[in-house]
Undergrad: 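Here you go, one structure.
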Amino acid sequence: MAETHSLQDMRPQAAVAAKVFIQRDYTNGTVCQFQTKFPSELETRIDKQQFEETVRMLNNLYAEAEKLGSQSYIEGCLACLTAYTVFLCMETHYEKILKKIAKYIQEQNDKIYAPRGLLLTDPIERGLRVIEVTIFEDRSLTR
Amino acid sequence: MPNSAGKRFKPTKYIPVSTAATLLVGSTTLFFVFTCPWLTKVISPAVPLYNGLVFLFVLANFSMATFMDPGVYPRADEDEDKDDDFRAPLYKNVEIKGIQVRMKWCATCHFYRPPRCSHCSVCDNCVEDFDHHCPWVNNCIGRRNYRYFFLFLLSLSVHMVGVFSFGLIFVLHHRERLGALHTTITLVVMCIAGLFFIPVMGLTGFHMVLVARGRTTNEQVTGKFRGGVNPFTKGCCGNVEYVLCSPLAPRYMLDPRKKPHVKIQPPFIRPDLSDRQITIKVSDNGIHGTIISSKSKSSLDDLDDKETQPPLPPKADRYNQLKSQMTSSEESSLSGKTHPSTPAMYKYRPSFGTMPKVHYHTAGEKIVMPDDRKTSAILEEGVRGHDYRSEPNLDLPDYANAPLHRTFQSSPLQLDSDPINSRSLSLKQGHRRPEKGQLSALQPQTVTSTPYKSVFSPNTLSNRNGSLSYDSLLNPSISPATANECMAHRGMPSMGFHSPYLPTKMCHIREPEIQRQQVAPTYSPVMPPRGVGRQSPHPRDRDPSPVRYDNLSQTIMASIQERKEMEEREKRQMLHGRSQTHIYAQDSGVFDGAYGGSRDNLMGVGLVSYGQRTPVLRHAGSTLGRATRTSSTSLHTDHSPEGPYRSPAHQPHSPAMPRSPSYSHQKLSYINAHERTDSPRLGGPREAMKVNGQMDCHPSAQGATLSPSRHSNVKKVTGVGGTTYEISV
């Protein structure tokens with residue numbers, strides 16, 4: 001049975017106007033943190049607080065992923081004891097957090113950024129070096 | 001026989017790993033077969049069990065070290081690296097826990113290597129926390145697999161010790177029958193173990209020290225922290241804990257996973273713009289960037305939402321501007337040569353037709369200070385990252401560390417009105433490039449470290465679109481305020497001197513120049529109470545501009561205004577051709593041809609010859625800059641040390657040297673002229689000296705300095721010895 005698509009779906013995506021890259025913040029070493037400074041290109045597209053909140057949340061998630069806690073100890077010991085075969089069946093702590101981050105970014109994109117013509121790219125795709133924010137052209141503006 | 005991705009199959013690289021694997025597995029197998037049965041019988045079954053476990057551990061770690069992704073960074077996308085192309089500086093500095101760490105540009109991977117990252121030539125990849133490339137495992141040792149490598153070394157040492165000891169026990173008990181098979185083989189195994197004992201133990205000990213110190217092999221061998229402080233150390237225990245117990249880092253080289261499709265279609269929600277702030281952004285990694293943004297509500301109100309160009313003083317925004325400019329391939333091609341000075345110039349070119357181009361911009365430090373239009377924007381960049389962008393000469397390492405553009409120091413040269421500058425530029429240089437060129441030319445100069453911080457008139461300079469400066473024209477009330485601000489700010493001794501020369505109009509054009517200039521700043525005083533009459537021609541011409549210009553970036557506005565002024569100037573020139581030549585003639589005798597044009601402007605007209613700078617910049621780097629600076633230095637002695645200081649920023653500063661004497665001569669006269677005309681002007685209309693198509697002088701306000709020939713569109717400035725320079729307006 002042929003699938004019907006609404007006209008909305010058929011409309012092409014907005015064109016990419018610009019890309020902003022949020023760089024890593026290395027002031028605390030190699031811990032994964034991103035700069036929370038609000039880039040000026042986004043000034044006209046999104047609230048500063050909103051954006052900074054997103055980046056801060058991401059930073060917190062990454063900090064949690066890299067935390068040296070009981071979870072990581074147990075994982076390490078278990079891996080040692082099983083000659084690392086445990087990695088074949090179990091997901092590491094970091095990977096779990098990464099999934100959480102991916103979900104968070106997806107949710108942020110859907111709720112906040114896409115309606116504003118922006119798109120956040122998961123930094124893991126860039127090797128955790130940058131957060132790529134794609135700014136889409138706003139053709140609806142007349143000015 | 002190519003294996004994959006064009007990588008040739010090199011069997012030689014597998015020799016060490018095969019040898020290691022063979023030796024390890026083979027020897028241990030022999031040990032188990034020939035030595036262990038007797039040991040089990042004589043000593044205990046725990047012996048083979050123990051050895052078995054250790055061997056298993058060795059194998060597991062060996063496999064992990066060999067097959068695990070060490071933390072390879074994927075190549076950066078084209079989009080990301082567009083900003084950092086071949087013109088990007090080689091190093092970018094970042095501060096980590098108070099220590100400066102250098103990030104090097106990786107030409108292969110197209111990004112600045114994060115701290116502790118290094119590019120492995122064998123694997124042809126940038127690896128995170130790169131330790132070394134180990135031939136015995138045929139793999140890089142990086143963040144993800146360092147732990148396994150370290151444990152492999154430890155366990156291998158333990159294993160070798162165990163094998164050797166138990167073999168020795170066996171041999172000692174079979175001394176009388178050394179020729180027997182078992183004994184011989186045990187001896188052979190012992191020899192192998194003994195042979196590799198020293199290197200392996202040595203390496204293990206070395207890595208134990210590294211782990212305790214929190215360093216990588218790469219850092220140790222290259223002596224990065226020799227005698228210095230390691231910003232990555234967490235203390236001995238912390239380091240050991242980090243190596244052994246930290247969570248396994250994620251893989252970056254992932255298969256492209258299917259991303260859920262996100263629908264992005266206009267119309268888009270826009271944030272509330274009631275409280276807009278114009279911010280000056282400095283992209284850096286969080287080093288020193290003190291940017292003060294000024295907010296101009298009037299200009300903001302007109303700002304187009306779509307305008308994505310941040311309103312910055314060129315210096316601060318150079319990084320962004322450069323990026324945005326560089327995205328234009330045509331512009332890049334226009335810029336042509338890869339001369340270090342040119343890229344920055346071209347980068348500043350406003351992208352008229354390419355506004356929607358992808359502008360790559362890295363978020364950087366941005367300090368926004370709400371401003372009621374009165375604050376001057378002072379941009380002081382400590383961002384080293386910018387150095388080389390604007391720096392014409394990438395070869396000079398000094399500049400990597402030099403404070404970034406201090407920005408906005410108005411040079412005396414800037415006194416002249418922009419229009420005239422632009423006009424003269426176009427006239428003089430044949431306008432090699434569109435106005436953009438001028439702007440871009442201004443850029444590189446500004447980079448040179450300028451100890452001064454110039455006050456950056458918020459009205460005129462800070463805003464990205466020219467309408468702001470225009471607004472200042474239209475709103476004289478602002479000027480005094482800004483003038484006060486400026487005064488308060490920098491305390492440049494010659495504030496008064498500069499003010500008259502600061503054309504409000506051309507602030508946006510002037511900005512890059514200002515950055516370069518280390519001269520006293522005060523622009524704002526210029527803005528002054530403009531005599532309405534003086535302004536009239538401009539407002540007439542410019543009434544539509546606020547509406548138009550607000551939609552455009554600062555650079556575009558500047559170019560448009562330049563063009564306008566150029567046209568006006570040309571018109572006037574035809575009428576007052578004599579007066580123009582008079583000015584030029586005065587100076588030409590002093591300066592050589594190449595310089596003459598710019599000098600004319602500089603000295604005779606007191607104009608900042610932006611355009612002049614362009615060619616000079618290209619060829620002689622700092623010469624022009626120095627020239628302008630020297631002129632300012634005469635005014636402000638504190639500037640003088642900076643003169644030579646700036647020259648290194650540009651390649652040929654020596655040629656500029658010989659010029660200075662002649663320059664200073666002219667400069668002196670010029671300065672006197674300025675001073676004379678200045679003082680009366682201080683309180684009065686600042687544009688008196690502005691040879692700005694937009695504004696006429698206020699001879700009346702200046703008193704005797706200007707002839708009352710205002711209406712004839714010729715401004716006269718008295719110089720030394722009563723020489724009068726006629727400036728056609």
Side-chain angles (χ1 to χ4, degrees), chain A residues 11 13-14 16-30 35 37-41 43-47 65-68 71-73 75-76 83-84 87 92-95 98 106 109-110 114-117 119 124-130 132 135-141 143, chain B residues 56-57 60 64 73-74 76-77 79-80 94-97 101 111 114-116 129 231-232 241-242 244-250 252 254 260 262-273 276 279 281 285-286 304-308 310 312 320 356 358-366 551:
Chain A
R11 261 197 298 170
Q13 285 267 64
V16 174
K19 281 193 186 188
V20 180
F21 294 95
I22 314 296
Q23 297 287 338
R24 277 274 291 270
D25 178 13
Y26 292 111
T27 52
N28 286 323
T30 50
Q35 292 180 358
K37 297 284 191 278
F38 187 58
S40 43
E41 280 85 345
E43 248 174 39
T44 61
R45 306 298 282 254
I46 192 165
D47 284 333
E66 295 185 351
K67 197 172 58 154
L68 263 72
Q71 172 85 8
S72 60
Y73 289 138
E75 218 169 66
Y84 310 116
F87 291 137
T92 66
H93 174 64
Y94 211 117
E95 281 168 2
L98 283 181
Q106 174 67 28
N109 272 336
D110 285 337
R116 287 170 172 74
L119 187 70
I124 195 71
E125 294 171 27
R126 299 276 178 268
L128 290 185
R129 288 180 300 107
V130 288
E132 184 183 316
I135 302 173
F136 288 93
E137 231 174 53
D138 197 351
R139 290 195 208 98
S140 64
L141 284 185
R143 277 201 292 172
Chain B
L56 197 64
F57 199 59
M64 292 295 263
Y73 282 111
D77 270 1
D79 292 348
E80 188 185 341
V94 70
E95 185 164 317
I96 297 176
K97 293 182 182 164
V101 172
F111 53 75
R116 305 197 105 175
D129 286 7
F232 306 108
E241 193 187 20
Y242 177 76
L244 297 179
C245 312
S246 65
L248 181 60
Y252 300 136
L254 300 163
V262 181
K263 217 170 305 224
I264 298 185
Q265 280 158 355
F268 298 133
I269 302 168
R270 293 284 187 170
D272 180 23
L273 298 176
R276 285 279 278 281
T279 56
K281 206 177 77 67
N285 263 332
D304 181 19
D305 282 351
K306 209 157 48 161
E307 179 52 58
T308 54
L312 327 169
N320 304 330
V358 179
H359 296 288
Y360 299 119
H361 150 87
T362 56
E365 262 189 343
K366 189 161 65 165
N551 297 346

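Quick caveat, the model's predicted, so the values are computed rather than measured. Chain identifiers are assigned alphabetically (A, B, ...) following the order of the sequence lines, protein sequences preceding nucleic acid strands; residue numbering begins at 1 within each chain.
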Undergrad: Given a strict heavy-atom distance threshold of 4.5 Å, which part of P231(B) is in contact with chain A: side chain, backbone, both, or neither?
TA: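 No part of P231(B) comes within 4.5 Å of chain A.
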Undergrad: Looking at every heavy atom in both S72(A) and S246(B), which two are closest together, and how far apart are they?
TA: CB-C, 4.4 Å
Undergrad: So how far is it from K97(B) NZ to N28(A) CG, rounded to the nearest 0.5 Å?
TA: 6.5 Å
Undergrad: For the residue pair A76(B) and R129(A), what are the closest heavy atoms and their distance?
TA: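 Residues A76(B) and R129(A), closest heavy atoms: CB-NH2, 3.6 Å.
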Undergrad: Looking at residues at least two apart in the chain, or sitting in another chain, which of them share a ring-ring contact (aromatic ring centres under 6.0 Å, His included) with Y252(B)?
TA: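 ring-ring contact (aromatic ring centres under 6.0 Å, His included) check on Y252(B) returns Y73(B).
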Undergrad: Between Y26(A) and I96(B), which heavy-atom pair has the shortest distance, and what is it?
TA: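 Minimum heavy-atom contact is O-CG1, 3.1 Å.
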Undergrad: For Y94(A), what residues pass the ring-ring contact (aromatic ring centres under 6.0 Å, His included) criterion, not counting sequence neighbours?
TA: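 Not a single residue meets the ring-ring contact (aromatic ring centres under 6.0 Å, His included) criterion with Y94(A).
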Undergrad: Is there a side-chain contact between R126(A) and F111(B) (heavy atoms, below 4.5 Å)?
TA: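 Not in contact.
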Undergrad: Of the backbone (N, CA, C, O) and the side chain (C-beta and beyond), which part of E95(A) lies under 4.5 Å from a heavy atom of chain B, both, or neither?
TA: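 Contact with chain B: none, neither part.
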Undergrad: Between chain A and each of A249(B), P115(B), P74(B), count heavy-atom pairs under 4.5 Å; write down the option with the most.
TA: P115(B)
